[in-house]
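See structure below.
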Number of protein chains: 2
Amino acid sequence: MKEHRPERPAVHARAKTARPGAADGPDDAGGGAHVTLQDVARRAEVSLATASRVLNGTTQVRPDLRERVLAAASELAYAPNAHAQALARASSQAIGLICHDVSDPYFAAIARGVTRTATEHGLLVMLASTFRDPTREVDYVAMLRAQRARAILLIGSGFEDRAWERSMSAELDPYVRAGGRVAVLSRHRGLRVDTVQPENREGAAALARDLLALGHRDFAVLTGPRALTTVVDRLGGFRDALAEAGVPLPDDQVVEGSFSRDGGFAAATELVRRGSRATCVFALTDVMAIGALSAFRHHGIDVPSQVSLAGFDDIPIVRDLVPSLTTVALPLEGMGERVMSLALRAPARRSRVERISGEVVLRATTAAPPEL
Amino acid sequence: MKEHRPERPAVHARAKTARPGAADGPDDAGGGAHVTLQDVARRAEVSLATASRVLNGTTQVRPDLRERVLAAASELAYAPNAHAQALARASSQAIGLICHDVSDPYFAAIARGVTRTATEHGLLVMLASTFRDPTREVDYVAMLRAQRARAILLIGSGFEDRAWERSMSAELDPYVRAGGRVAVLSRHRGLRVDTVQPENREGAAALARDLLALGHRDFAVLTGPRALTTVVDRLGGFRDALAEAGVPLPDDQVVEGSFSRDGGFAAATELVRRGSRATCVFALTDVMAIGALSAFRHHGIDVPSQVSLAGFDDIPIVRDLVPSLTTVALPLEGMGERVMSLALRAPARRSRVERISGEVVLRATTAAPPEL
DNA sequence: CTGAAAGCGCTTACAG
DNA sequence: CTGAAAGCGCTTACAG
């Protein structure tokens with residue numbers, strides 16, 4: 001195909017900007033320049049405008065010209081420069097997805113829903129993992145804003161922190177003002193953006209009631225960082241439902257760990273160390289519950305005969321655990337689809353909130369409390 | 001901040017291109033235009049060039065001008081247009097990551113390594129899940145090429161299909177010729193690009209030998225689609241090692257399923273249905289093994305006392321399974337870092353191949369075969 | 001150190 | 001239906 005390479009125009013008004021790896025001339029062996037629409041037009045012997053029209057299918061173009069353009073594009077393996085298109089059209093084909101960690105099954109399932117929906121709309125997903133660093137989260141929003149992403153999706157609990165909220169708003173507000181779309185999952189309403197909101201409080205309360213019905217009266221909770229809204233809601237809902245039944249949840253029965261398998265392991269271990277006499281333990285997320293399950297096993301404590309254990313989320317793997325995990329099921333993949341769809345809809349006068357209810361699923365990690 | 005909004009120049013050589021949501025004037029309530037460098041320069045009363053220099057820190061700029069530019073940018077909440085930058089600089093800040101499914105723990109772990117490394121280099125990751133559709137894979141490469149992604153990473157087994165190989169090369173070759181970088185994980189060498197190659201064959205062979213040492217002589221294998229190179233290598237390595245020990249692997253003891261939890265469940269069920277008398281089953285991936293474990297349990301077959309089970313990959317969860325899974329451990333996150341790093345290095349004369357060896361980890365799903 | 005201006009690769013009203 | 005040309009928002013040699 002070398003002989004097909006069109007000549008660059010011999011005369012430029014001024015010298016071309018030198019670019020690394022963009023050598024012109026005969027010795028472009030390693031790293032030639034990209035083929036441009038101009039190249040295609042020249043080879044098809046039509047104007048730039050015509051070539052553009054053919055390739056975008058906007059207007060009618062005479063069949064023979066059309067053929068020539070298509071042939072030229074294919075022969076040159078032309079790929080339009082998305083940046084130039086984005087600039088000229090003032091819109092991009094990408095959306096941004098910010099989560100804490102894609103390798104966490106919870107986010108992975110949601111990301112699956114998001115990417116599938118995005119693909120259906122011909123959009124590309126730019127993925128960012130913050131690893132729970134608030135600063136990095138703000139930085140990513142700035143990058144996505146620079147990318148003129150069509151929408152920015154914030155997945156995962158926000159931080160209860162005024163300073164963070166301010167700097168986040170400082171990025172988000174101008175983005176929205178300029179026409180950007182923002183949708184979030186599991187956030188406090190402080191952000192005033194379209195939201196998909198799992199009913200954490202209600203789900204945890206329903207779980208508490210089912211656990212009480214099993215006969216439990218001594219509970220412990222494995223929580224994540226208190227600064228996360230999800231933690232506040234799930235813990236609050238659980239505690240309130242217990243209180244309604246006249247069952248207290250002593251402070252020393254609430255152990256904090258990170259929202260991870262190891263965090264759950266550590267928190268459960270700490271619980272054991274404290275000599276907890278809880279007959280039922282609620283881990284605020286399934287991922288923590290998995291760690292707790294391992295910790296109990298490690299300490300020779302049988303689940304559920306000695307202690308019952310419940311999680312929250314219903315990530316795919318927990319069905320296959322032995323014993324299978326009791327949890328509050330959330331339609332994770334569907335939630336991903338919902339946030340993406342929400343962000344694709346025209347903005348509303350006031351922010352929308354889609355509530356997602358959780359469903360308690362009693363599996364094998366919970367049973368009646370052991371006899372005294 | 002409304003009063004700070006700089007006036008647009010009153011006179012244009014011709015009317016501004018009308019853009020949806022880009023209204024000028026007083027009623028830009030919903031969806032104003034983005035703030036541009038021009039706006040910043042005007043407010044700081046400097047030239048465009050100076051504003052650009054300050055914001056990029058390239059050249060020295062007089063301190064007072066510098067201050068003014070910085071102040072203006074911050075007051076206007078300026079975010080540079082990455083597309084314009086990409087166009088002017090002829091390079092972008094994004095890399096593309098193509099995998100089969102992010103929500104699969106195997107890919108999730110690798111994606112984690114990739115994104116972490118990308119972040120360290122200030123790069124954004126564009127993520128695409130193909131859900132194992134070869135056509136979609138080629139389409140994504142085209143999109144990433146259009147985005148002028150700095151690098152394209154292909155994660156996951158390729159397809160043994162001439163037609164697919166051709167169309168993939170048709171996209172990849174011009175991309176590489178134009179200076180794009182490509183690195184792949186688990187591919188056949190046909191693609192001639194930098195590769196991180198887990199030693200599937202050797203790992204499976206080592207596993208076979210350890211299983212033989214345990215006393216097993218009757219094996220079965222749960223495979224994925226034969227068109228995947230990973231399947232060919234793992235199955236081949238396993239079978240060859242058995243053959244070396246004079247142990248056959250009958251064709252009817254090799255059951256094919258999809259590379260997923262459900263595929264593993266189905267394949268194991270089929271094995272049971274066939275009345276297999278294998279004492280040891282090798283699932284080609286951990287994800288399949290998880291499904292198989294559930295299937296055996298479902299059929300009342302105890303692992304490992306009645307049948308031993310082994311997987312491959314060592315995804316994070318398998319340590320927490322009960323019984324914990326015997327497998328061939330691959331440094332998944334590290335592999336993600338390696339592909340990303342490979343793609344960031346200058347291209348070599350001939351493609352590099354980094355071999356990653358797997359390590360057999362005997363856990364609780366394997367034991368000596370039951371007495372006859 | 002600073003500014004005017006060309007150029008990056010497209011799209012699209014405007015005038016045939 | 002087609003082409004010449006402006007404009008999208010930046011960067012960066014070039015000439016002070």
Side-chain angles (χ1 to χ4, degrees), chain A residues 8-9 11-20 22 24 33-42 44-66 68-69 73 78-93 146-148 178, chain B residues 8-9 11-20 22 24 33-42 44-66 68-69 73 78-93 146-148 178:
Chain A
R8 288 287 184 156
V11 182
H12 276 284
R14 64 180 200 92
K16 281 192 66 178
T17 300
R19 264 191 277 146
D24 262 324
H34 284 279
V35 173
T36 70
L37 225 210
Q38 188 60 259
D39 297 330
V40 174
R42 200 146 29 211
E45 300 185 290
V46 299
S47 73
L48 236 192
T50 298
S52 174
R53 287 184 187 115
V54 170
L55 265 18
N56 290 302
T58 52
T59 327
Q60 289 300 316
V61 173
R62 225 171 59 208
D64 57 321
L65 296 191
R66 186 185 163 69
R68 265 152 54 194
V69 171
Y78 171 68
N81 184 323
H83 296 298
Q85 291 183 315
L87 197 56
R89 291 181 184 150
S91 85
S92 105
Q93 294 302 312
Q147 295 289 337
R148 297 295 186 266
Chain B
R8 288 289 184 154
V11 182
H12 277 284
R14 64 181 200 92
K16 280 192 66 178
T17 300
R19 262 193 277 146
D24 263 323
H34 284 279
V35 174
T36 70
L37 224 211
Q38 188 61 259
D39 297 329
V40 174
R42 200 146 30 210
E45 301 185 287
V46 299
S47 74
L48 236 191
T50 299
S52 174
R53 288 183 187 116
V54 170
L55 265 18
N56 290 302
T58 51
T59 327
Q60 289 301 314
V61 173
R62 224 170 61 208
D64 57 321
L65 295 193
R66 184 186 164 68
R68 267 153 52 194
V69 171
Y78 170 69
N81 184 323
H83 296 298
Q85 291 183 316
L87 197 55
R89 291 182 183 148
S91 84
S92 106
Q93 294 301 312
Q147 295 288 338
R148 298 296 186 266

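In what follows, chains are A, B, ... by sequence order, proteins preceding strands, each numbered from 1.
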May I ask you to verify if any side-chain N or O of [X] is less than 4.0 angstrom from the OP1 or OP2 atom of [N]?
X	N	result
B:S52	D:dT11	yes
B:R53	D:dT11	no
A:S47	D:dT2	no
B:Q85	D:dT11	yes
A:N56	C:dT11	yes
B:T50	C:dT2	no

Specify the residue among A:P80 and B:V46 whose closest nucleotide of DNA chain C lies further upstream toward the 5′ end.
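Final value for this comparison: B:V46.
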5'-most contact on DNA chain C (nearest-nucleotide basis), B:A84 vs B:L65, goes to B:L65
Output the rounded distance in Å from [atom1] ([X]) to [atom2] ([N]).
X	N	atom1	atom2	result
B:H83	D:dT11	NE2	C1'	17 Å
A:Q93	C:dC10	CD	C1'	14 Å
B:L55	D:dC10	CG	P	9 Å
B:Q60	D:dT12	CD	C1'	17 Å
B:N81	C:dC10	CG	C1'	13 Å
A:L87	D:dA6	CG	P	17 Å
A:Q147	D:dG9	CD	P	16 Å
A:R68	D:dT2	CZ	C1'	12 Å

Identify the heavy atoms of [X] and [Y] that sit nearest to each other, and give their distance.
X	Y	answer
B:V61	B:R53	CG2-CB, 4.0 Å
A:Y78	A:L37	CE1-N, 3.4 Å
A:N56	A:Q85	OD1-NE2, 4.3 Å
A:Q147	B:Q93	NE2-CB, 4.5 Å

Within this structure, what is the CG-CZ distance for the pair B:L48 and B:R42, rounded to the nearest 0.5 Å?
8.5 Å
Watson-Crick or G-U wobble mate for C:dG3, both contacts under 3.5 Å
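Looking at the geometry, C:dG3 pairs with D:dC14.
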The side chain of [X] lies closest to which of these nucleotides: [options]?
X	options	answer
A:A49	C:dT12, D:dT2, D:dG7	C:dT12
B:R148	D:dG9, C:dA4, C:dC10	C:dC10
B:L48	C:dC1, D:dT11, D:dC1	D:dT11

Under 3.5 Å donor-acceptor pair, B:R89 side-chain atoms to C:dG7 base atoms
no
For nucleotides C:dG16 and C:dT12, find the distance between their C1' atoms and express it as a whole number of Å.
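It works out to 16 Å between them.
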Could you check if a side-chain atom of B:R148 sits within less than 4.5 angstrom of a side-chain atom of A:N81, using non-hydrogen atoms only?
yes
